[in-house]
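Here is the structure we will look at, set down as structure tokens.
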Amino acid sequence: MPIHNADIAAIFEEIADLLEIEGANVFRVRAYRNAARTLQELGRDVRTTLQKGEDLTALPGIGDDLAGKMREIAETGRCAALDKLHKKLPPAITELLKIPGLGPKRVKALYHELDIHTVEQLQRAVRDHRIRSLAGFGEKTESRIAEALATHGGGAGRFKLVTAAQYAEPLAAWLRAVPGVDDVVVAGSYRRARETVGDIDILVTAAADSPVMQRFTAYDEVAEVLSHGPTRSSVVLGCRLQVDLRVVEPESHGAALHYFTGSRAHNIAIRRLGQERGLKINEYGVFEGNKRIAGETEQSVFRAVGLPFIPPELREDRGEIEAARAGRLPELVELGDLRGDLHVHTRATDGHDSLREMAEAARQRGFEYLAITEHSRRLTVAHGLDPVRLLQQIDEIDRLNGELRGITLLKGIEVDILEDGRLDLPDELLGRLDLVIGAVHSRFDLSRARQTERILKAMDHPHFTLLAHPSGRLIERREPYDVDMLRIIGKAKERGCYLELNAHPERLDLLDTYCQAAKAEGVLVSVNSDAHSVLDFDHLRFGVGQARRGWLEKGDVLNTRPLAALRPLLKRTM
DNA sequence: GCCGTTTTCGGCCCGACTGTTTTCAGTCG
């Protein structure tokens, strides 16, 4: 069983949890968590890095000790430090930390005082009212734990960005109508366009006497009020989505927006920069002693630490601060930069609308071109096209292009990549198209080696243009298939073909870190809607958000090209 | 455990709310 970065990260997280329960130095705990995060976001595999003999201590937050543990885990799959901790604390105890209201101190007390180290034991103790008598616990804490246990496992989890939007935007609009409210921004991971959000953070700028907080907790979708203070409240909506509201006065708007947009790691890094300059940065402003020197706008906060404005999508402490300092921030692609869409379906297969309707909707969006890319015959559930039906569609597109004004339809296909890497339609037919999108729709369970070879072989096909939804994951529903994405990116570079960033809210695939990897190799990414109806062009907004998280600029995105410039790029692969 | 234009020790981001407390620890974001 090969060890991947995520496996090492999981071990480091577990060590951090156990150390925390043990009462270890908080900074030591933080070092393990930082390392886990670095590993999860690393664009390459630690094993490969080790095999090349590269120095792991060059990674941020990795010193001799952690580098040694990474090597140990990569080579043996085990970690002596973790085994040692397990002799002192039962492994299952970290599960208790996931229960809201239980942190390391209380978990430690439960273990030492009542010998509780599993969720089941905790349930029994709650039932017998043995918790309330512990020092630092009380009746309220006990009943809060009881409630949390009742919903444990059925927890809300993370929400897809599009789902969060459906709740957050009406709520924000409702808050904007409250007297005394100046501004309402949905901040947090939502503003950073993360593919999923754990909760919604709303920042309200309002006069001190505004009734906005009362109106918030009285919102009719609120199922539960978790906390309710003058500047900060938290609620849970009926859909189990948690919403946190913060109210600040206008002079603090920028500092608060920066703070509540996060990410936490980015904020810590910015505050550290402030510290180096003798400044204190909090959600109320940037302070030199007691004097506020910035905070009304986000720009002023960045300026105070000597940086230009950093777009929210980049704020993950993944190099954006260094790039900003060096004047090398990317000029991120915007929705309006897209000149067309290279992946849509129509009624001919599993779409809802006709060719003409899709073309018209694209034209109304201001698009110059639209590639029609139906499924191929292997995907029977989607009524995939066989050669006869594809030829009919080619004729129909030619006919329609003769009539349409202001938009050009491109002839394409989303052809299945078969298990052995062959494509699901004859070469001769694929050669007649403007572009060929290859896609994996079956056998997600292949080994990493076989899945990678399958895709690489497909990409070697002379007519292959673009790899659809490269990881195959469905957010919160299906894990990505196991594949060596860096080899795929390398193949795209070698072959002069492209990768898709599928904008469907359930896919958002290519992942952001791989967008960066593709960009580094000069491989263009196409942000496509995968629309199955005229409404689905709205998905592009989420795709562009993901592209921005991946540091992509206009020039890095294939379909920002005007048609005249696009055609030769498509030809190159044919 | 990491790190260094404050460099091998002594720091490490900062504040709100809750509950159990009489001044604050724990948790959370």
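So you know, we letter chains A, B, ... as the sequences are listed, proteins then strands, and number each from 1. Just so you know, these numbers use all the heavy atoms, side chains as well, and skip hydrogens, waters and symmetry mates.
Using a 3.5 Å distance cut-off with no hydrogens or angles, the side chains of A/S263 and A/R315 do not pair a donor with an acceptor. Checked by atom type, the side-chain pair A/H253/A/T205 shows a donor-acceptor distance below 3.5 Å.
No side-chain donor-acceptor contact under 3.5 Å links A/R232 to the backbone of A/V247.
Between B/dC28 and A/S234, no contact under 4.0 Å exists linking OP1 or OP2 to a side-chain N or O. Within the structure, a side-chain polar atom (N or O) of A/R30 is placed less than 4.0 Å from OP1 or OP2 of B/dC13. Side-chain N/O atoms of A/N282 include one lying less than 4.0 angstrom from OP1 or OP2 on B/dG15. The side chain of A/R272 contributes an N or O atom lying less than 4.0 Å from OP1 or OP2 of B/dC13.
Here the separation of B/dC28 from B/dT22, taken at their C1' atoms, is 24 Å to the nearest Å. B/dC12 and B/dT7 are spaced 15 Å apart, taking the C1' atom of each and rounding to whole Å. Taking atom C1' on both nucleotides, B/dC9 is separated from B/dG15 by 29 Å, rounded to a whole Å.
The side chain of A/D201 lies closest to B/dG29, out of B/dT18, B/dG29, B/dG15. The side chain of A/F27 lies closest to B/dC12 when the candidates are B/dA16, B/dT6, B/dC12.
A 4.5 Å side-chain heavy-atom check between A/F12 and A/R33 finds every atom pair outside the cut-off.
Comparing A/S233 and A/R271 along DNA chain B, the residue whose closest nucleotide (by nearest heavy atom) sits nearer the 5' end is A/R271. For the pair A/P230 and A/L59, nearest-nucleotide mapping onto DNA chain B gives the more 5' position to A/L59.
In this structure, A/R191 pairs ionically with A/E298, as a charged nitrogen and a carboxylate oxygen lie closer than 4.0 Å.
A/S210 meets the side-chain hydrogen bond (donor to acceptor under 3.5 Å, both in side chains) test with no other residue; sequence neighbours excluded.
Between A/R232 atom CZ and B/dT27 atom C1' the separation is 11 Å, expressed in whole Å.
For the pair A/R106 and A/F137, the distance from NZ or CZ to the six-membered ring centre is under 6.0 Å and the angle to the ring normal is within 45 degrees.
Pair check for B/dA25 finds B/dT18; Watson-Crick or G-U wobble, both atom distances under 3.5 Å.
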Do nucleotides 21-26 of chain B as a string where each nucleotide becomes B, S or -: B if the base has a protein heavy atom under 4.0 Å, S if just the sugar-phosphate does, - if no protein is that close.
-----S
